Every structure is written in C-alpha cells, then in structure tokens.
Number of protein chains: 2
Amino acid sequence: MDIKPTESELEILQVIWKMGQCTVRDVHEELTKTKDAGYTTTLKLMQIMHDKGLVERDTTSKTHLYKALFTQEQAQSNALDKILSTVFKGSTSDLVIQALGQHRASPDEIDAIKSFLNKFDQHKK
Amino acid sequence: MDIKPTESELEILQVIWKMGQCTVRDVHEELTKTKDAGYTTTLKLMQIMHDKGLVERDTTSKTHLYKALFTQEQAQSNALDKILSTVFKGSTSDLVIQALGQHRASPDEIDAIKSFLNKFDQHKK
DNA sequence: TTGGATATACGAAACCTATCGTAGATATTT
DNA sequence: AAATATCTACGATAGGTTTCGTATATCCAA
C-alpha cells in the first residue's frame with residue numbers, strides 16, 4: 001500500500017493520531033481553531049480518505065468514528081524517504097545537519113541525539 | 001516569494017542543480033533514465049516553472065538554457081519546515097532520531113554529525 | 001536547397017484536490 | 001408532535017498538475 005496523504009489529509013490525520021479515534025466534528029472543531037473551513041469540506045475530505053484506505057470508520061451509530069490505518073511513525077518514515085530522495089540526494093547526514101542547524105534544538109534534545117548516536121556506535125561494533 | 005515546487009518540478013530541479021545550467025534536452029535525457037516521459041512534457045513543465053518564477057532562462061540562442069532561481073539548500077530548508085510541522089509535531093529531535101534510525105548512516109557521517117553537535121554546544125555557552 | 005532532425009509554443013484532455021451547496025435521514029429540544 | 005439541530009451522502013465547481021499532439025521555426029546535412 002502506498003501512503004501519500006495530501007497536505008489537507010495530513011492536517012486531519014494529526015487530529016486523529018492525537019485523539020486516537022474521533023468524529024468528523026472533532027476534527028472540524030480542531031481545524032477551525034487555526035483556519036477557516038466549512039463542515040462539509042472536512043466531512044468530504046474524511047470520506048475521501050476512507051475511500052483511499054487511509055482511515056477506517058465505525059458506522060454503527062449515526063455519527064461515525066474514524067481511526068487511522070497507519071501510524072504517525074509510518075508517515076514520518078515516508079516523509080523522510082521522500083525528501084531524502086527529492087532534495088537531499090539521499091544523504092542522511094546532510095538532512096540531520098540541516099535540521100539541527102536551522103531549528104535550534106534545546107540542550108535536552110541535543111543530549112537525546114548524542115546518546116542515540118552513542119548507542120548507535122556500539123551496535124556497529 | 002513562496003517556494004513550493006511540485007513533485008515533478010523537484011525532479012527537474014535536481015537535474016538543474018546538479019548541472020548548474022542546462023537545456024530541456026539535458027533534463028529530459030536524465031529523467032528518462034529512470035522513468036518514461038515525452039519530450040514535450042518535460043518542455044512544458046519547464047516552461048511552467050519559468051512562468052512561476054522557479055527558474056530563469058537564457059533565450060538568446062535557439063536552444064534555451066535554464067537555471068534555478070533558488071538553491072537546493074533553500075528547498076531543503078523548506079521541505080524540512082513542512083514535514084516538521086505536518087508529521088513531526090515540530091520536534092526536531094524526533095526527526096533527527098527517526099532519520100538516523102531508519103537510514104543507517106556511515107561511520108563518517110556519524111562523526112560529521114557528532115562534531116557538528118559539539119560545535120553547537122560551544123556556541124550555546 | 002531541400003529534407004530531416006531538433007527546438008519552442010500552444011492548446012486540450014485527463015486527473016486530482018479542495019471547497020461547498022443541497023438533500024435527506026436521524027436525533028434533540030420545546 | 002413540530003421545529004430545530006446535526007449527521008451523512010451526493011453532486012458540482014474551481015483550480016492546479018501532468019501529459020501529450022500538433023503547429024511552427026530553426027538548424028544541419030546530403
């Protein structure tokens with residue numbers, strides 16, 4: 001299966017991931033906090049996502065319940081693969097260094113990364 | 001200016017970035033190594049990219065020469081911003097750790113990242 | 001100099017995304 | 001029970017992307 005959600009679909013998925021399971025209204029309320037959108041627009045998008053197999057839904061009651069059919073981690077992995085091949089010439093270190101350079105990480109984050117790198121080294125041996 | 005090249009446009013830009021300056025045929029030859037496409041399709045895409053202001057071109061001779069109007073680094077920065085906000089909840093360290101986890105970097109790359117992190121620490125102080 | 005190769009320009013079609021209005025079903029409130 | 005609110009379904013439209021055929025201009029070789 002190919003996971004390639006559109007921009008709008010990702011906005012919706014973020015809400016679903018956060019809540020685990022939710023209604024169209026849940027998503028809509030969340031989205032309208034930061035941008036304008038008609039309710040039926042959100043509904044339609046979620047119906048399309050269902051058609052595409054991005055989400056599943058429970059239709060036993062009038063108000064349907066939606067769940068994601070893949071995890072945020074899978075979406076992250078996909079997104080990384082894509083930009084690695086399209087703009088980073090496949091170089092992971094370029095990507096990492098760029099990311100650290102432009103969005104300064106907190107000391108805690110840096111520590112987390114360092115200890116990750118160390119663990120990494122040991123596995124290599 | 002807003003830099004948001006489409007998928008196809010990025011494929012073309014990769015060739016332009018690599019060559020610095022090139023013709024439609026240059027790009028086309030490169031693209032058809034990995035996928036099928038008609039020559040006029042590539043031409044049209046590049047014309048549209050020119051209309052959008054993504055590239056400039058020298059039309060003094062019959063065969064036009066195209067150049068990118070922004071760098072690969074800018075595209076990288078843009079791509080990172082986008083996936084950070086759409087799938088990484090803004091967490092740079094999550095992104096970095098995911099990237100290192102799934103695409104194993106070479107020892108050299110890891111060293112490069114480590115020394116980058118150290119430089120980073122010093123600046124912080 | 002005439003025919004073939006190569007270039008650009010232009011327009012149209014197929015497809016996808018995003019948006020929303022309207023209709024009809026179901027629930028809720030008064 | 002009637003009015004109101006809420007939900008899904010179903011188009012339809014506007015806009016953007018991708019694809020390619022055809023026309024026209026230009027260069028080059030026989």
Side-chain angles (χ1 to χ4, degrees), chain A residues 1-16 19 21-67 75 78-79 82 86-87, chain B residues 1-16 19 21-67 75 78-79 82 86-87:
Chain A
M1 197 229 302
D2 204 33
I3 301 173
K4 249 180 71 180
T6 67
E7 203 60 24
S8 301
E9 287 168 351
L10 274 175
E11 286 178 23
I12 291 171
L13 281 166
Q14 279 186 85
V15 181
I16 299 180
M19 302 189 63
Q21 182 184 49
C22 58
T23 66
V24 173
R25 181 141 310 268
D26 288 335
V27 171
H28 185 62
E29 307 257 286
E30 195 63 28
L31 293 189
T32 46
K33 282 182 187 171
T34 57
K35 70 169 208 175
D36 264 19
Y39 176 83
T40 54
T41 299
T42 306
L43 170 67
K44 180 72 166 189
L45 283 173
M46 291 177 74
Q47 285 170 342
I48 291 173
M49 290 168 75
H50 181 250
D51 290 346
K52 289 184 182 173
L54 297 179
V55 296
E56 63 181 345
R57 62 179 182 181
D58 177 348
T59 62
T60 48
S61 57
K62 179 195 164 194
T63 303
H64 301 174
L65 280 175
Y66 288 77
K67 278 190 212 169
N78 254 72
K82 185 171 138 196
T86 52
V87 286
Chain B
M1 199 226 305
D2 206 31
I3 301 174
K4 249 180 74 182
T6 68
E7 204 60 23
S8 302
E9 288 168 350
L10 273 176
E11 286 179 25
I12 291 171
L13 282 167
Q14 277 184 88
V15 181
I16 298 180
M19 304 188 62
Q21 182 183 49
C22 58
T23 66
V24 173
R25 181 143 309 269
D26 288 335
V27 171
H28 186 62
E29 305 258 285
E30 194 63 30
L31 292 189
T32 47
K33 283 183 185 169
T34 56
K35 72 169 213 181
D36 264 18
Y39 175 83
T40 53
T41 300
T42 307
L43 169 65
K44 180 71 166 188
L45 283 173
M46 290 175 74
Q47 284 170 343
I48 291 173
M49 288 168 75
H50 180 251
D51 290 346
K52 288 184 182 176
L54 298 179
V55 297
E56 64 181 344
R57 62 180 182 181
D58 176 348
T59 62
T60 48
S61 59
K62 179 194 164 195
T63 305
H64 301 175
L65 281 176
Y66 289 76
K67 278 190 209 169
N78 255 71
K82 185 170 138 196
T86 53
V87 285

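On a predicted model such as this, the values are computed, not experimentally measured, just so you know. Sequence lines set the chain letters: A, B, ... in the order given, protein chains first and strands last, and positions in each chain run from 1.
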Measure from the side chain of B:Glu7, starting at C-beta and using heavy atoms only, and say which of C:dA18, D:dT18, D:dT8 lies closest.
D:dT18
Using only side-chain N and O atoms of B:Ser8, determine if any of them is under 4.0 Å from OP1 or OP2 of D:dT17.
no
Nearest-nucleotide comparison on DNA chain D, the residue closer to the 5′ end among A:Thr59 and B:Glu9:
A:Thr59
When the distance from NE2 of B:His50 to C1' of C:dT8 is rounded to whole Å, what number comes out?
13 Å
Between B:Thr63 and C:dT8, does any side-chain N or O lie under 4.0 Å from OP1 or OP2?
no
With nearest nucleotides of DNA chain C determined for A:Gly38 and A:Lys4 from heavy-atom distances, which residue corresponds to the more 5′ nucleotide?
A:Lys4
Per the side chain to side chain contact (heavy atoms under 4.5 Å, CB included) rule, which among A:Met46, A:Gln47, A:Met49 passes with A:Val55?
A:Met49
Output yes when at least one side-chain N/O atom of A:Arg57 is less than 4.0 Å from OP1 or OP2 of D:dA9, else no.
yes
In this structure, how many angstroms lie between the C1' atom of D:dC7 and the CG atom of A:Asp26, rounded?
13 Å
Using a cut-off of less than 4.0 Å, is there contact between a side-chain N or O of B:Tyr39 and OP1 or OP2 of D:dG21?
no
Are there more than 12 heavy atoms of other residues, nucleotides or ligands under 6.0 Å from atom CG of A:Asp36?
no
In whole angstroms, how far is the P atom of C:dT17 from the CD atom of A:Glu11?
15 Å
Quick one, which residues of residues 40-49 of chain B touch DNA chain D with a heavy atom under 4.0 Å?
B:Thr40, B:Thr41, B:Lys44, B:Ile48
Return the value, rounded to whole Å, for the distance between atom CG of A:Leu54 and atom P of C:dA18.
11 Å
Which value, rounded to the nearest 0.5 Å, describes the distance between B:Leu45 atom CG and B:His28 atom NE2?
11.5 Å
Gap between atom CG of B:Asp51 and atom NZ of B:Lys44 - 0.5 Å precision:
8.0 Å
Does A:Gln14 form a side chain to side chain contact (heavy atoms under 4.5 Å, CB included) with A:Glu30? I'd like the steps, not just the answer.
CA-CA 10 Å; A:Gln14 279 186 85; A:Glu30 195 63 28; over 6 Å; no
Taken to the nearest 0.5 Å, the spacing of A:Thr23 OG1 from A:Glu29 CD works out to 8.0 Å
With respect to the phosphate group of C:dT6, does any side-chain polar atom (N or O) of B:Arg25 fall under 4.0 Å of OP1 or OP2?
no
Please report the distance, rounded to the nearest Å, between CG in B:Asp51 and P in D:dG15.
18 Å
Calculate the interatomic distance between B:Lys35 atom NZ and D:dT18 atom P; express it in whole Å.
8 Å
What's the spacing between A:Leu43 CG and A:Arg25 CZ if we round to 0.5 Å?
10.0 Å
Think A:Lys62 has a side-chain N or O under 4.0 angstrom from the OP1 or OP2 of D:dA9?
no
